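First up is the structure itself, then whatever we jot down about it.
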2 protein chains.
Amino acid sequence: MTARRSEAPGTRAGARGALSDAAVARLPLYLAALTALAADGRTTASSEELAAATGVGAAALRKDLSQLGTHGTRGVGYDVERLAAQIAEELGTSRARSVVIVGVGRLGQALADYDGFASRGFRVRALLDADPALAGHEVAGLAVRPVDELEAAVAGCTPCIGVIATPAAAAQGVCDRLVAAGVRSILTFAPVVLAVPEEVDVRRVDLSLELQVLAFHAQRRPGGLPSPAQAPAQAPAPAAAGVTA
Amino acid sequence: MTARRSEAPGTRAGARGALSDAAVARLPLYLAALTALAADGRTTASSEELAAATGVGAAALRKDLSQLGTHGTRGVGYDVERLAAQIAEELGTSRARSVVIVGVGRLGQALADYDGFASRGFRVRALLDADPALAGHEVAGLAVRPVDELEAAVAGCTPCIGVIATPAAAAQGVCDRLVAAGVRSILTFAPVVLAVPEEVDVRRVDLSLELQVLAFHAQRRPGGLPSPAQAPAQAPAPAAAGVTA
DNA sequence: TAGATTGTTAATCGATTAACAATC
DNA sequence: TAGATTGTTAATCGATTAACAATC
């Protein structure tokens with residue numbers, strides 16, 4: 001039941017190397033699709049179905065799964081329950097994982113009671129904020145603690161994933177403390193590049209980046225933005241009006 | 001869908017083809033780094049500096065910028081202000097862009113007053129929610145409107161980027177309405193694959209996906225998760241002490 | 001000029017797609 | 001068996017890196 005990744009050197013070696021980063025990022029998509037299928041009472045699914053449900057190519061999907069060491073059945077497809085369990089195992093999602101959130105502004109609060117975390121085995125163990133006014137406040141069933149208690153909070157949550165939802169200026173300091181406290185996995189929402197030791201895994205979600213990419217595409221779409229029919233040449237909008245319908 | 005660039009037809013054409021998706025996603029990083037440098041009073045920056053600040057390779061960065069049609073100066077580097085302006089222009093960030101947010105739960109609220117949006121030229125024009133109890137409530141200076149008014153709200157916000165922050169079950173319906181109302185760019189936080197016509201650009205941010213990817217890496221990290229005990233083996237710091245400098 | 005650094009090409013690396021033999 | 005669908009290989013495509021000539 002443990003990670004059989006470092007498997008016995010007898011099993012057809014070479015079959016599965018490490019999954020590529022791109023492949024790993026697709027695993028949660030497969031898992032979500034399988035969960036939905038299972039909820040519908042489906043017991044098997046073909047690579048084509050899963051591909052359609054996830055937006056991934058069928059060939060890529062089959063390759064990912066085979067590298068996982070799964071066993072679909074030729075002529076039939078994959079066993080929904082079994083594959084879901086296998087992916088969950090692979091992702092470490094079958095075990096509960098602990099999370100500490102630093103920064104309890106609106107975003108931190110939103111994350112604290114985000115359904116998608118709990119339903120995938122993530123348990124928020126502590127909420128920390130530098131603002132003393134917030135301390136004691138209850139969010140998502142947890143009392144917000146002063147950031148001084150970061151180390152203590154992390155100690156009570158191994159292995160711990162740290163989530164940084166502070167303003168950009170505070171992020172590196174918080175990151176340093178998390179790392180010093182032993183946290184090796186960090187998800188940050190602060191729009192800064194965090195410096196960390198090599199063994200620490202940082203993933204960054206930049207909300208405004210996504211919007212900027214959309215804006216880029218919109219701008220060069222044929223009828224998208226460039227033709228400002230009624231829009232004033234440069235200055236786009238007064239931004240004053242109430243807009244109300 | 002040739003990425004027809006509108007620029008003044010005189011600038012050495014042919015030099016830049018369409019930027020790859022990967023390159024486009026790096027533009028906001030460059031812009032942020034340049035903004036930070038400008039704030040520090042720096043007037044020029046080399047590709048090496050920008051690479052270090054963004055975590056991108058210097059060669060890749062130079063290639064991206066040259067495809068943008070920029071002009072750095074050999075032996076000197078890039079003009080910080082000028083390059084920032086050029087990238088902002090390219091991203092459409094220099095013009096204010098309008099945004100409508102559907103779903104005003106915690107996440108929607110967090111997005112509504114996220115600094116990173118406003119500071120990059122995104123203006124939230126309307127907040128919509130299906131819950132009548134929320135209607136009229138003020139969030140980030142805007143009154144929440146009933147979702148019935150979606151079409152009207154979109155009409156008052158061209159060109160409009162739609163942000164979906166509803167529960168998964170509601171997402172496709174909202175998406176359909178946005179598309180019908182003319183929205184071509186959608187950012188969704190709902191963990192479902194949205195079906196849209198080809199001309200609509202959808203980007204999806206899946207918060208739990210990021211956490212799952214972190215969990216995957218943690219699980220196969222040498223001292224990461226597999227060892228159940230407190231694993232002092234590799235762990236560098238005791239994690240107990242106050243750590244205060 | 002001498003030193004620095006870009007813009008660009010060629011080489012490498014990796015990921016996706018297509019195809020099909022294996023096999024349920 | 002006949003039909004379906006996997007697992008895997010080979011081909012394609014794209015992105016990153018290295019290197020260096022151009023040139024400020």
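Chain naming here is simple, since letters A, B, ... match the order of the sequence lines and numbering starts at 1 in each. Fair warning: this is a prediction, and the values are worked out from it, not measured in the lab.
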Test item: A:Glu81 side-chain N/O and A:Ala38 main-chain N/O as donor-acceptor pair under 3.5 Å: no
Using whole Å, report how far CG of B:Leu83 lies from P of C:dT6. 11 Å
Okay, side chain of B:Gln212, backbone of A:Pro28: is any donor-acceptor separation there less than 3.5 Å? no
Protein-nucleotide distance (A:Leu61, atom CG; D:dT6, atom C1'), rounded to Å: 11 Å
Distance in angstrom units between A:Leu19 CG and C:dA15 P, rounded: 11 Å
What one should report as the nearest heavy-atom pair of A:Pro191 and B:Arg120 is CB-NH2, 4.1 Å
Can you tell me how far C1' of D:dT16 sits from CG of B:Asp21, to the nearest Å? 15 Å
Check every atom of C:dT17, D:dC24, D:dT5 against the side chain of B:Thr73 and return the nucleotide holding the closest atom. D:dC24
Can a donor-acceptor pair under 3.5 Å be found between the side-chain atoms of B:Arg74 and the base atoms of C:dT6? yes
Partner of D:dG14 by Watson-Crick or G-U wobble geometry, both contacts under 3.5 Å, or none? C:dC13
Could you tell me whether the side chain of B:Glu210 and the main chain of B:Leu207 form a donor-acceptor pair under 3.5 Å? no
Looking only at heavy atoms, what is the nearest atom pair of B:Thr166 and B:Val102, with distance? CG2-O, 3.5 Å
To the nearest Å, how far apart are B:Gln67 CD and D:dA15 C1'? 10 Å
Which residue, A:Ala23 or A:Gly75, contacts DNA chain C at a nucleotide closer to its 5' end, judged by nearest heavy atom? A:Ala23
Testing C:dT6, D:dT5, C:dT9 for proximity to the side chain of A:Ser46, the answer is D:dT5
Nearest-Å distance for atom pair CG/C1', residues A:Leu68 and D:dG7: 13 Å
Nearest of D:dT16, C:dA15, D:dG7 to any side-chain atom of B:Arg26? D:dT16
From the options D:dT6, C:dT8, C:dT16, select the nucleotide whose nearest atom is closest to the side chain of B:Lys63. C:dT8
D:dA15 C1' sits how many Å from B:Arg62 CZ, rounded? 16 Å
Any-strand Watson-Crick or G-U partner of C:dT5, both distances under 3.5 Å: D:dA22
For B:Leu65 and C:dT8, what is the distance between atoms CG and C1' respectively, to the nearest whole Å? 14 Å
Students often get this wrong, so: under 4.0 angstrom with heavy atoms, is B:Ala22 touching a base, only sugar-phosphate, or nothing? sugar-phosphate
Would you mind telling me which residue lines up with the more 5' stretch of DNA chain C, A:Asp64 or B:Ala45, judged by nearest nucleotide? B:Ala45
Distance test, side-chain N/O of A:Ser47 to OP1/OP2 of D:dT6, below 4.0 Å: yes
Residue-phosphate contact under 4.0 Å: B:Tyr78 side-chain N/O, C:dG7 OP1/OP2: yes
